[in-house]
Amino acid sequence: MRQGDKIYVAGHRGLVGSAIVRRLRESGYGNLVVRTHAQLELMDTPAVRRFFDEERPEAVFLAAARVGGIAANDAYPAEFLHQNLMIQSNVIDAAWRAGTKKLLFLGSSCIYPKHARQPMKEEHLLSGQLEPTNEAYAIAKIAGIKMCAAYNRQYGTNFLAAMPTNLYGPGDNYDAETGHVVPALMRRMHEAKEKRAAAVKVWGSGKPRRELLYSDDLADATVFLMERCDAADVGEFINVGNGAELTVAELAGEIAAVVGFEGLLEFDASRPDGTPRKLLDSSRLAALGWRPTTPLRLGLERAYADFLKGARHA
Ligand code: GDP
């Protein structure tokens, strides 16, 4: 991927896509193509093919997806499976047809088995049963990895796949019910602080461990991969994590400190814990020369500033 290339960022309004656009612009990439959902329905195969025929992007970042936290994944498995399969199949196939030179498909660490050995290495894919709360999403993402690999093998494309750990950052979904743990707790704690409430509910036991990566760090990794690595270097896909994990209880404490919520944390056992641990082994990416730079506290502070900006506009 080079500066003058025409680059399509699918999902440019999402947490990941917006970070990729910021990162590309900062590095002087001026020929970006984006479409809102209203302008282009990525589940519409003929519309996606037409778009690729007209624009012929040289590089594609596939960050468009139906996503959500543990409750949304659990409540809408049909939509998570159907929409993700449609979006990714349409974009990957249309990119090949239009002669796109390089594509990066984004997935998630939930592709790994629920009880995978920790830290999870790329070769642990498909070595055991998935976590039921996000099985539909995981199956779609695994299909995306395999589709890129199949196109590379059969058609000689250069399509990469990156699997980031749990993400957070500006532009996240701050809905307390459908969001991921960081934005959902940020909202609940912020509202509790405003109302001077004594306690905030934290879902599950607080014992699961999660590894968190700031969205701008992921964006940096994706641009690194697109600039410097080919599918042959990367293998079927590559993990993108930061190497550190903490319990949900510890994470809730960090968010409370950033938000300034001083009340109690009440663990709600009626809500699911999900996977007990999912720490990625990111040594393959480290060996290629990439490392994250944003410490959790700083990332949470930036995310909270973004939340407050939105809260003022709401
Ligand atoms: P997951 O990694 O796919 O499980 O994604 P989530 O970000 O939705 O959840 C991570 C962990 O945080 C799970 O163990 C949840 O039970 C826990 N958690 C605690 N409070 C919340 C909350 O308010 N929202 C979400 N989504 N998860 C929460």
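Numbering of ligands and ligand atoms starts at 1, following listing order.
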ask   = Is any NZ, NE, NH1 or NH2 atom of the basic residue among Glu245 and Arg277 found under 4.0 Å from an Asp or Glu carboxylate oxygen of the other?
value = yes
key: Side chain, backbone, both or neither: the part of Arg271 lying under 4.0 Å from ligand 1 by heavy atom   = neither
key: atom 10 (C) of ligand 1 [closest protein heavy-atom partner, distance rounded to 0.1 Å]   = Arg210 NE, 3.6 Å
note = ligand 1 atoms nearer than 4.0 angstrom to some heavy atom of Pro208 are 14 (O)
inquiry  = Once you measure the plane-to-plane angle for Phe307 and His190, does it fall in the parallel (<30°), tilted (30-60°) or perpendicular (>60°) bin?
reply    = perpendicular
key: Asp216 bridged to Arg23 by N-O distance under 4.0 Å   = no
key: Proximal ligand 1 atoms for Pro272, defined as those under 4.0 Å from one of its heavy atoms   = 15 (C), 16 (O)
Residue, atom name and distance, where the atom is the protein heavy atom closest to atom 11 (C) of ligand 1 = Val248 CG2, 3.7 Å
request  = Name the closest protein heavy atom to atom 20 (N) of ligand 1, giving the residue it belongs to and the distance to 0.1 Å.
outcome  = Trp203 N, 3.0 Å
query = With a 4.0 Å cut-off on heavy atoms, is Ala184 touching ligand 1?
reply = yes
note = Under 4.0 Å between heavy atoms, the region of Thr275 that gets near ligand 1 turns out to be neither
task = Around atom 9 (O) of ligand 1, find the nearest protein heavy atom and jot down its residue, atom name and distance.
result = Val181 CB, 4.0 Å
task = Identify the protein heavy atom lying closest to atom 1 (P) of ligand 1, giving its residue, its atom name and the separation to 0.1 Å.
result = Lys278 NZ, 3.6 Å
query = Ile92 and Leu42: same hydrophobic cluster, using ILVMFWY side-chain contacts below 4.5 Å?
reply = yes
inquiry  = Under a 4.0 Å threshold between the charged nitrogen and the carboxylate oxygen, would Asp93 count as salt-bridged to Arg97?
reply    = yes
remark   = Closest to atom 14 (O) of ligand 1 among protein heavy atoms sits Asp273 O, 2.6 Å
ask   = For Gly179 and ligand 1, does the shortest N/O to N/O distance drop below 3.5 Å?
value = yes
request  = Taking atom types as modelled, find out whether Tyr112 and Asn239 have a side-chain donor-acceptor pair closer than 3.5 angstrom.
outcome  = yes
message = Quick check on contacts: which atoms of ligand 1 are under 4.0 angstrom from a heavy atom of Gly69?
response = 8 (O)
key: Salt-bridge contact Lys146-Glu236 (side-chain N to carboxylate O under 4.0 Å)   = yes
query = Which of the atoms in ligand 1, numbered in the order shown and given with their element, are less than 4.0 Å from a heavy-atom of Arg188?
reply = 22 (C), 23 (O)
message = If the threshold is 4.0 Å, N to carboxylate O, is there a salt bridge linking Lys278 and Glu211?
response = no
inquiry  = Quick check: Ile70 and ligand 1, any N/O pair under 3.5 Å apart?
reply    = yes
ask   = Counting each atom of ligand 1 from 1 as listed, which ones have a heavy atom of Asn134 under 4.0 Å away?
value = 3 (O)
message = Would you call the rings of Tyr76 and Phe80 parallel, tilted or perpendicular, taking 30° and 60° as the class edges?
response = parallel
message = Show, in sequence, the C-alpha distance, side-chain angles and deciding distance for Arg187 and Glu191, and conclude whether the salt bridge (charged side-chain N to carboxylate O under 4.0 Å, His left out) test is met.
response = CA-CA 6 Å; Arg187 166 172 296 273; Glu191 290 176 354; 2.9 Å; yes
